[in-house]
Amino acid sequence: MALVSFASLVAGARSGKLVSFPTDTVPALAVRPDRSADVFQLKQRSQDKPLILMASNWESFLPFLDTDHPALSVWQQMAQQYFAGAVTLVLPASQRGGKLNQGFKTLGVRIPDNKIAIAILQQTGAMLTTSANKSNQPPLRKMLEISTSFPSVNTLGDGIDINELTGSGLPSTVIEWTMEGWLVRRQGAVQIG
């Protein structure tokens, strides 16, 4: 079991280890953007289910997004309206961002409304994330369950009750920018449209 301190989690994340920490929805399973294959392998996740890039601020997403896109200001307005919170924006990716999820030219980005998650992301930079569970299983919501199910993952066990349910338990609402404007892909914690 790998319940770790805040400092150990940040150091592990920076060195490329898989980590888990609470967010406003469900706990995140997170890894450095260059290590996405590790998440797919651990979760036995299909490559056609993209990971979400989570960060503490909008600027952290820019290297991964198509910043030459004419709708960039529209995306920024949407981000200002819904970040931080339980909304994921799916936007056209830059060449670098397109490498994060095989076969996708878009990238989901989100800033969680959770002080612990923000504090971690401020130290690590943007992280690729998904829910902490095996594919097609319900998300694990207690840090103790995550550390038991995924002993190789550095799971935050510091400053929180590891037996307590974390987050709302609802997934983020996913909205995608298309040629026709915004489309709701998944209605989640935040009602849109």
Side-chain angles (χ1 to χ4, degrees), residues 9-21 23-72 74-76 78-79 82-112 114 117-118 120-136 139 146 150 152-154 171-179 182-186 188:
L9 185 130
V10 167
R14 284 179 172 163
S15 72
K17 287 194 167 114
L18 283 160
V19 299
S20 183
F21 52 84
T23 77
D24 49 347
T25 55
V26 296
L29 189 60
V31 74
R32 249 180 20 207
D34 61 327
R35 301 294 298 259
S36 63
D38 298 354
V39 174
F40 286 102
Q41 187 176 358
L42 181 74
K43 284 190 60 154
Q44 298 156 0
R45 184 180 175 97
S46 160
Q47 290 285 344
D48 62 7
K49 291 184 175 176
L51 302 174
I52 291 171
L53 194 66
M54 205 177 265
S56 62
N57 59 58
W58 171 255
E59 290 68 33
S60 298
F61 298 131
L62 295 179
F64 302 96
L65 298 176
D66 177 4
T67 52
D68 294 329
H69 197 286
L72 182 64
V74 177
W75 306 343
Q76 286 173 306
M78 197 68 145
Y82 288 107
F83 291 169
V87 171
T88 298
L89 299 182
V90 179
L91 305 171
S94 65
Q95 194 169 4
R96 182 177 175 193
K99 291 178 180 162
L100 302 184
N101 290 300
Q102 288 181 358
F104 285 85
K105 292 182 171 27
T106 57
L107 180 63
V109 297
R110 180 164 109 77
I111 299 175
N114 177 286
I118 292 290
I120 290 167
L121 293 163
Q122 283 171 337
Q123 300 287 317
T124 61
M127 300 280 285
L128 274 177
T129 64
T130 180
S131 54
N133 56 306
K134 290 280 188 202
S135 244
N136 302 317
I146 295 166
F150 298 107
S152 63
V153 173
N154 282 2
S172 66
T173 297
V174 177
I175 48 178
E176 182 172 359
W177 175 256
T178 68
M179 296 305 286
W182 296 105
L183 275 185
V184 177
R185 293 289 185 204
R186 176 178 74 193

Let me see the working for D66 and R96 under salt bridge (Lys or Arg N to Asp or Glu O under 4.0 Å), right down to the final yes or no. CA-CA 9 Å; D66 177 4; R96 182 177 175 193; over 6 Å; no
Passes side chain to side chain donor-acceptor pair (under 3.5 Å), R185 versus T88? Steps please. CA-CA 10 Å; R185 293 289 185 204; T88 298; over 6 Å; no
With side chain to side chain donor-acceptor pair (under 3.5 Å) as the test, would you mind laying out the steps for T173 and R186 before giving the verdict? CA-CA 5 Å; T173 297; R186 176 178 74 193; over 6 Å; no
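A donor-acceptor distance shorter than 3.5 angstrom exists from the side chain of K134 to the backbone of L42, with no hydrogens or angles considered.
Between W75 and W177, the two ring planes are perpendicular [angle over 60°; tilted spans 30° to 60°]. By the 30° and 60° cut-offs, the orientation of the rings of F83 relative to W58 is tilted.
With values rounded to the nearest 0.5 angstrom, L89 atom CG is found 11.5 Å from Q76 atom CD. One distance of note links OG of S36 with CE of M127; it measures 12.0 Å at 0.5 Å rounding. To the nearest 0.5 angstrom, S46 atom OG is 8.0 Å from F40 atom CZ.
Within a 6.0 Å radius of CD in E59, other residues, nucleotides and ligands contribute more than 12 heavy atoms. At most 12 heavy atoms of other shown residues, nucleotides or ligands fall within 6.0 angstrom of atom CD in Q102.
The closest side-chain heavy-atom distance from V109 to L65 is below 4.5 Å. Taking the side chain as every heavy atom from C-beta outward, K49 and N101 never approach each other to under 4.5 Å. When side chains are defined from C-beta on, L100 does not count as touching L51, because their heavy atoms never get closer than 4.5 Å.
Judged purely by distance below 3.5 Å, without hydrogens or angles, the side chains of K43 and N136 never pair a donor atom with an acceptor atom.
When all heavy atoms of L121 and M54 are compared, the pair lying nearest together is CD2-O, 3.6 Å. L128 and P33 get closest at one heavy-atom pair: CD1-O, 3.7 Å.
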